[in-house]
J.: 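One structure, as C-alpha cells, below. Some questions next.
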Amino acid sequence: MTELTVRLTVNGETVEQTAEPRMTLADFLRERCGLTGTHLGCEHGACGACTLLVDGVAVRSCLMFAVQADGLSVTTVEGIAAADGTLSPVQAALRDCHGLQCGFCTPGFVMSITALLRDNPTPTDEEIREGLSGNFCRCTGYQGILAAVRVPLLTAAPGDVRSYENGGREISQTFRVTGGTSD
Amino acid sequence: MKPAPFEYHRPGSLDEATALLAELGDEAKVLAGGQSLVPMLSLRLAYFDHVVDISRLTELRGVTAADGYLRVGAGTTETAVGADLDVARAVPLLTRATPLIGHFQIRNRGTLGGSVAHADPAGEYPVVALTLDAEIEAVSAAGGHRVIPAADFFTGLWSTALEPDELLVGVRFPVWGARSGFAVEEFARRSGDFAVAGAGGGVALDADERVARAAIGLLGLGSTPLRASGAEAAAVGQRADELDAAELGRLAMSGLEDVPADLQGSADYRIRVGAAMVARAWAAASNEAIGQRAAVGARP
Ligand SMILES: Cc1cc2nc3c(=O)[nH]c(=O)nc-3n(C[C@H](O)[C@H](O)[C@H](O)COP(=O)(O)OP(=O)(O)OC[C@H]3O[C@@H](n4cnc5c(N)ncnc54)[C@H](O)[C@@H]3O)c2cc1C
Ligand code: FES
Ligand code: FES
C-alpha cells in the first residue's frame, strides 16, 4: 500500500513522516515519531490508555488514523511536563496521591484529567468519576487517582493538610508538591 | 497495524464526497468520527478498499431551527450536540441522551450522523430519532436529496435504508409544543457502556391534563431501536396523574420478539430492566409535563 505524507505539530514541533492510511495516530506517534509515552491497551476505544489532545480536544488516538491528523496539532503526555522535566500539577498530584502503580494507564489518565480540569476546574466527585469513566486502571483501584483530581490538592501549598470527602469517607492528605492550579 | 489496507480519500466538499461514493460504490465506506467504524476495522469485523473521510466537511456541521423542527447536521459532534442551547430548548431529549453515549473522549469525535447511520440497537441517538419521529436527510449524486422517516430508516441490526452511495447529511427533529416532558433512562453495567436496556419517552398533555401525545422508544431490546406502540396507545387519552407507570413499563415489554441475550444479560433479564426503565422514563417525562403546566399557571 502506498504511504501518504503526514505533516502535523506534535508537542509544538513540526513533524513530517509517511504512513499507510491504516496506521493509527497512536502507532504513528510511537513508531514514526519515537514517542512511546502514548500507550495502547485495547486498540479499539475501550480502555483510554491512548488518550491525547488533538487541537486541544481529548480523543482516543487508536480510533483516529494518522492521515486524519494531517495539519493538526497533537499534544501527547511527553508535552505535558515542563521542558526541564518539572511535572505538571496533574502529574505531580498523581505521584503524590499514589495514583499510579505499574503506570501503564497513567499517560491516558494524565491527558484525560488535564482536559477535564481545563474545561471544568472545580468538578464534583460525580463529575470526576464520570469524566474518568473512559480510562481503565487495572492496578490502583482508582481511589488514588480520584484523590489526585481533587482540586483542593491541586491548589494547595506544600505541607498543607487537606481534608475532603471521597466516596462518602472523610480523608486527610498532606500535600507535598509545589502547588499550582491546573493550566 | 490492525485494519486491513485501504485507500484513503478526504473529499473537500459534500459534492466531491457524493461523487466519490457514486464512483466507488459498495467498495467504499464513509468515515465520520470513526468511533464505531475504526473499532470494527481494527477488529477486522469489516474491511473496505476505500475509506471516504467526511470528518472535515464543515458544511455537514451545525444546528439550525426551521418551521416546526430542529435540524442537526450529520457531522455535528456528540459533544457539540450536548452543549447546544438551541438543542436543549427545542429537543431536550437529545440533550439528555448525549451524556449517556460512551465517554467524553468518544463524544468529542463521534457524530450524530455517524451514530444514526451506524444504527446500533442500543445507541441513544437512533432511539431518540425513532421516538421523536425524526426525519433523516440523505443525499446522493444520482438521486439528489431525499427525506426518510425514522420509522422506515432502521431496517435491521446495524442496517439502515441508506444506499451505499448515499450520505446522511442531517436529521430533522420535530419540536413538540408547550406542556410536554421528556426523559431517557437506561441501565449499563459500567458508566459509558452500551446499555443493557433503556427507554426514551415524550409526553404531551392537553388542557384537561390528559395525555395528548405519548412516545415511548426502547433501546437494547431488539435488533433495531423500537417503539412501544401498544403502551403509547394505552396512555393516550388518560389523565397523566392517574397513569400507572409500572403498568406501562410491563405493557411496553409485551410482544418483543428478538430481545438480545449475551454476557450482559439474558433476554428475560433485559425485559425486566426494560420495563423498569420505561416506568422511570415515563414517570419523569410526565412529571415534567405536569410541572410545566403548574409553572405556567402560577405566573401572575
Ligand atoms: C468505548 C465506546 C463506547 C461507546 N458507547 C456508546 C454508547 O453508549 N452509545 C452510543 O450510542 N454509542 C456509543 N459509542 C459509539 C459512538 O456513539 C459513535 O460515535 C457512533 O456510534 C458513530 O459515530 P461516528 O461519527 O464515530 O461514526 P463512524 O464510526 O465514523 O461511522 C459509523 C458508521 O456510520 C457510517 N456513517 C457515518 N457517517 C455517515 C454519514 N454522514 N452518512 C452515511 N454513513 C455514515 C459509517 O460508514 C459507519 O458505517 C461508543 C464508542 C466507543 C468506542
Ligand atoms: S488503546 Fe485506545 S482506547 Fe484502548
Ligand atoms: S497503574 Fe497499572 S494500570 Fe493503572
Side-chain angles (χ1 to χ4, degrees), chain A residues 1-4 6 19-28 30-31 40 42-72 108-109 111-113 115-116 119-120 123 126-136, chain B residues 1-12 28-29 31-57 77-80 82-83 98-111 114 118 188-194:
Chain A
M1 263 286 147
T2 40
E3 301 216 335
L4 302 177
V6 183
E20 271 189 59
R22 61 172 168 157
M23 182 177 244
T24 63
L25 178 58
D27 282 337
F28 178 84
R30 293 177 56 84
E31 293 169 19
L40 282 161
C42 65
E43 300 185 64
H44 62 257
C47 75
C50 66
T51 306
L52 44 69
L53 309 182
V54 174
D55 282 353
V57 174
V59 303
R60 311 282 214 223
S61 60
C62 71
L63 296 187
M64 214 178 143
F65 296 114
V67 288
Q68 295 187 278
D70 186 49
L72 305 184
F109 271 101
M111 303 314 286
S112 290
I113 297 168
L116 188 73
D119 298 341
N120 180 5
E126 206 186 320
E127 286 168 337
I128 296 171
R129 284 166 182 273
E130 159 60 25
L132 298 186
S133 65
N135 289 79
F136 293 173
Chain B
M1 276 176 288
K2 299 232 148 183
F6 57 79
E7 207 170 303
Y8 176 74
H9 308 266
R10 189 163 63 220
K29 192 69 176 163
L31 171 66
Q35 304 301 290
S36 294
L37 182 59
V38 180
M40 294 187 100
L41 295 174
S42 289
L43 295 165
R44 298 227 180 176
L45 293 172
Y47 59 91
F48 302 92
D49 293 337
H50 300 271
V51 166
V52 179
D53 182 3
I54 58 164
S55 65
R56 291 208 198 171
L57 292 181
T77 64
E78 293 156 355
T79 295
T98 302
L100 302 174
I101 303 172
H103 314 284
F104 81 92
Q105 302 89 340
I106 306 289
R107 298 191 292 269
N108 280 343
R109 279 196 71 76
T111 64
H118 185 60
R189 290 189 180 271
R190 293 175 306 195
S191 163
D193 282 4
F194 277 103

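Sequence lines set the chain letters: A, B, ... in the order given, protein chains first and strands last, and positions in each chain run from 1.
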J.: Show, in sequence, the C-alpha distance, side-chain angles and deciding distance for A/Asp27 and B/Lys2, and conclude whether the salt bridge (charged side-chain N to carboxylate O under 4.0 Å, His left out) test is met.
T.: CA-CA 10 Å; A/Asp27 282 337; B/Lys2 299 232 148 183; over 6 Å; no
J.: Quick check against the 3.5 Å criterion: does A/His44 have a side-chain atom that pairs as donor or acceptor with the backbone of B/Pro39?
T.: no
J.: If you compare all heavy atoms of A/Gly131 against all heavy atoms of B/Phe104, which two are closest, and at what distance to 0.1 Å?
T.: O-CE2, 3.2 Å
J.: Check whether B/Ile106 gets within reach of chain A through its side chain, its backbone, both or neither, counting any heavy atom under 4.5 Å.
T.: side chain
J.: So for A/Leu4, is it side chain, backbone, both, or neither that comes closer than 4.5 Å to the heavy atoms of chain B?
T.: side chain
J.: Looking at A/Cys62, A/Ser112, A/Gly48, A/Cys42, which makes the most heavy-atom pairs under 4.5 Å with chain B?
T.: A/Ser112
J.: Using non-hydrogen atoms only, which part of A/Asn135 is less than 4.5 Å away from chain B: side chain, backbone, both, or neither?
T.: side chain
J.: How about B/Gln105 and A/Val59: do any of their side-chain heavy atoms sit closer than 4.5 Å?
T.: no
J.: Measuring from A/Thr24:OG1 to B/Leu41:CG, what's the distance to the nearest 0.5 Å?
T.: 12.0 Å
J.: For the residue pair A/Phe65 and B/Asp53, establish whether any side-chain heavy-atom pair is separated by less than 4.5 Å.
T.: no
J.: Would you say B/Asn108's side chain and A/Ala58's backbone share a donor-acceptor pair under 3.5 angstrom?
T.: yes
J.: If you define the side chain from C-beta out and look only at heavy atoms, does anything of B/Leu31 sit under 4.5 Å from A/Met64?
T.: no
J.: Okay, side chain of A/Arg22, backbone of B/Ala4: is any donor-acceptor separation there less than 3.5 Å?
T.: no
J.: With the side chain counted from C-beta on, respond yes when A/Glu130 and B/His103 share a heavy-atom pair under 4.5 Å apart, and no when they do not.
T.: no
J.: Which atoms form the tightest heavy-atom contact between A/Gln68 and B/Ser55, and what is the distance?
T.: NE2-OG, 3.7 Å
J.: Which region of B/Ser191, side chain (C-beta onward) or backbone (N, CA, C, O), has a non-hydrogen atom less than 4.5 Å from a non-hydrogen atom of chain A, or is it both or neither?
T.: both
J.: Please give me the minimum heavy-atom distance between A/Val67 and B/Arg10, naming the atom from each residue.
T.: O-NH1, 3.1 Å
J.: What is the distance from atom CZ of B/Phe6 to atom CD of A/Glu20, rounded to the nearest 0.5 Å?
T.: 9.0 Å
J.: Please check if the side chain of B/Arg190 supplies one atom and the backbone of A/Ser133 the other of a donor-acceptor pair under 3.5 Å.
T.: no
